[in-house]
Amino acid sequence: MILRDRQDKVERMLSFYKSSKGSPFQESSTLVRGEVDVLGALLMMDNVDEQKRDAVRRAGIRTGIDLRFTFETTVRQKDTLVTEFVASERGQNDVLRSPLSLAKVLYAADVSDWFSAVAVPVGARCRDVAITTNSSDQGKGLTDYSLLGPPLLNQQIGSGIGFIVRKSNVAASLAQFISGHGVQSVSAGVIRCFSTFGQVVYQLPRNTKLFLSGIHQVPKLSSQQVSLGAIAMPVGILRRRPETFGEASGLSTGRNREGDVLAGSIALMLESELDESTRIGGWVEMKKSNPRCLQWAVNMSDTPEDDFGWGLSLGGLVQGPRSWDHFQVETFLKFKVGKRLGLQPGLVYVMDGTSQFPALMFRSTWSM
């Protein structure tokens with residue numbers, strides 16, 4: 001009842017702006033979508049310790065309830081405004097008392113047939129400005145290896161703006177993000193991260209696409225610990241600070257000449273569509289902090305929208321040709337019950353160092 005009351009308030013607000021004279025929302029339509037995603041796992045292990053817990057985390061098994069509402073409004077016929085509210089996310093311990101919060105605000109403008117711009121002031125991810133596959137094809141697995149693709153596309157990086165260019169069989173995107181969340185805080189101040197994302201997509205024959213993506217991150221140390229408000233960041237241009245980031249934090253990673261820690265990743269992805277519902281693809285990602293460490297996955301699936309489907313995924317983490325730190329196999333079945341309810345039972349087998357265990361998993365998705 002509380003969620004429905006909040007949804008009614010948002011709809012009344014949108015209807016008020018639509019009726020205002022000269023409003024860009026005039027004569028626009030709003031599509032409201034709701035989704036409840038429940039994922040549970042039965043882990044077959046004798047004892048639970050930190051090593052087993054880390055193995056579950058590296059396997060991308062995030063159980064719990066994911067509840068979200070998405071409002072998609074068409075503005076000026078070609079532009080789209082997306083607002084997303086989340087009541088709970090998988091991985092949280094308390095899913096019943098989580099308040100409804102704003103998770104994402106995105107505005108996409110199609111300037112022309114070959115050029116578009118995207119602004120994400122809240123809840124930005126690289127996937128928001130990337131040229132990816134159809135969003136309806138995502139989220140049809142059980143773990144992060146089969147659900148999300150390369151990790152760099154899904155990390156939360158604050159606010160950003162990006163541009164997408166398309167020309168014949170080549171497309172490219174470039175974006176800049178600013179984030180004050182998710183990075184380490186030190187006693188000398190707060191670390192804010194500047195991220196630059198780029199992607200090039202090449203269309204190969206037979207419905208095959210090659211994706212090359214990369215993100216370059218430079219955390220900056222701010223000695224001012226007083227917040228100036230949301231989406232506000234001080235930038236000093238008149239005085240240079242003698243202290244470096246490394247002296248304040250003591251981190252031992254790559255640095256540039258000014259002492260800022262350099263981070264980022266590069267990912268290569270290949271995907272082929274055999275028909276409307278059958279897809280095969282794979283990806284590999286390398287982090288700048290450890291170039292020898294490669295995370296990879298190969299996915300195969302046949303998931304029709306209103307019929308029986310299946311999926312198979314292999315993935316892992318390697319530190320060299322003979323060092324397999326992590327390897328896992330995932331398989332699942334997909335059933336459609338009516339038009340709104342989907343069921344996915346599956347099996348995951350994880351080998352992480354000396355830890356090995358199977359897991360029976362069950363996922364239920366209900367769309368509103």
Side-chain angles (χ1 to χ4, degrees), residues 35 37-43 52-68 86 88-93 95 103-104 123-128 130 132-157 182 197 211 213 215 264-271 279-287 290 293-301 303 311-318 324-332 334 342 344-353 355 357-365:
E35 185 178 68
D37 193 348
V38 182
L39 180 63
L42 180 62
L43 305 173
K52 295 286 181 63
R53 181 179 178 181
D54 292 340
V56 172
R57 178 183 57 82
R58 282 192 287 267
I61 300 176
R62 294 186 296 115
T63 58
I65 301 176
D66 190 279
L67 175 60
R68 62 186 64 237
V86 175
S88 66
E89 292 185 281
R90 290 197 301 266
Q92 294 181 351
N93 294 325
V95 298
K104 183 186 295 292
R125 300 174 187 262
C126 292
R127 185 176 295 277
D128 298 327
T132 57
T133 55
N134 192 348
S135 59
S136 62
D137 299 324
Q138 302 170 12
K140 292 185 177 179
L142 299 176
T143 67
D144 289 350
Y145 281 88
S146 58
L147 272 170
L148 303 176
L152 72 87
L153 294 179
N154 303 282
Q155 54 180 318
Q156 295 185 355
I157 44 182
F197 170 78
F211 302 80
S213 309
I215 183 171
S265 303
I266 299 175
L268 184 66
M269 182 169 63
L270 184 67
E271 183 175 277
R279 287 169 174 80
I280 181 171
W283 56 266
V284 59
E285 178 174 327
M286 178 187 70
K287 296 185 180 298
N290 188 3
C293 181
L294 299 178
Q295 192 172 0
W296 64 276
V298 176
N299 302 313
M300 296 169 284
S301 65
T303 53
L312 175 66
S313 175
L314 308 175
L317 186 68
V318 297
W324 291 70
D325 290 352
H326 180 92
F327 177 76
Q328 68 182 62
V329 181
E330 170 190 341
T331 181
F332 67 87
K334 173 181 171 290
Q344 283 184 240
L347 175 66
V348 178
Y349 189 82
V350 179
M351 294 183 291
D352 188 272
S355 300
F357 60 88
L360 293 175
M361 303 188 66
F362 185 82
R363 183 183 180 194
S364 175
T365 305

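Computed from a prediction, not measured in an experiment: that's the story for all the values here. We use all heavy atoms of the structure for the numbers below, so side chains are in, but hydrogens, waters and symmetry mates are not.
Residues I215 and L152 approach most closely at CG2-CB, 4.2 Å, considering heavy atoms. Pairing each heavy atom of Y145 with each of G315, the nearest pair is CD2-CA, 4.0 Å. The two residues G123 and D128 come nearest to each other via the heavy atoms O-OD2, 3.7 Å. Contact record, P150 with M269: CD-SD, 3.9 Å, taken as the closest heavy-atom pair. Considering all non-hydrogen atoms of both residues, L153 and R125 come closest at O-CB, 3.9 Å. Between F332 and G141 the shortest heavy-atom distance is CE2-CA, 3.9 Å.
Contact of the W283 side chain with the N299 side chain is registered, since non-hydrogen atoms from C-beta on lie closer than 4.5 Å. Looking at P151 and D144, their side chains never come closer than 4.5 Å, going by heavy atoms from C-beta outward. In this structure, the side chains of R127 and N154 come closer than 4.5 Å at one or more pairs of heavy atoms. Within the 4.5 Å cutoff, no side-chain heavy atoms of D352 are placed close to those of F357. In this structure, W296 and L314 have side chains that are in contact, with non-hydrogen atoms separated by less than 4.5 Å.
How far CZ of R57 is from CD1 of I61: 12.5 Å, rounded to the nearest 0.5 Å. Taken from CG in L39 to CE in M361, the straight-line distance is 4.0 Å, to the nearest 0.5 Å. Here M351 contributes atom CE and H326 contributes atom NE2; the two are 9.0 Å apart, rounded to the nearest 0.5 Å. Summarising the geometry, atom CG belonging to L360 is positioned 12.0 Å from atom CZ belonging to F362; distances are rounded to the nearest 0.5 Å.
None of Q328, E330, K52 except one satisfies the side chain to side chain contact (heavy atoms under 4.5 Å, CB included) rule with V350; the exception is Q328.
No donor-acceptor pair closer than 3.5 Å links the side chain of R363 to the backbone N or O of D37.
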(request) Any chance you could lay out the salt bridge (charged side-chain N to carboxylate O under 4.0 Å, His left out) test for R58 and D325, step after step, and finish with the verdict? (result) CA-CA 10 Å; R58 282 192 287 267; D325 290 352; over 6 Å; no
(message) Working note: L147 + L142, criterion side-chain contact (heavy atoms from CB on, under 4.5 Å); need CA distance, chi angles, decisive distance, verdict.
(response) CA-CA 6 Å; L147 272 170; L142 299 176; over 6 Å; no
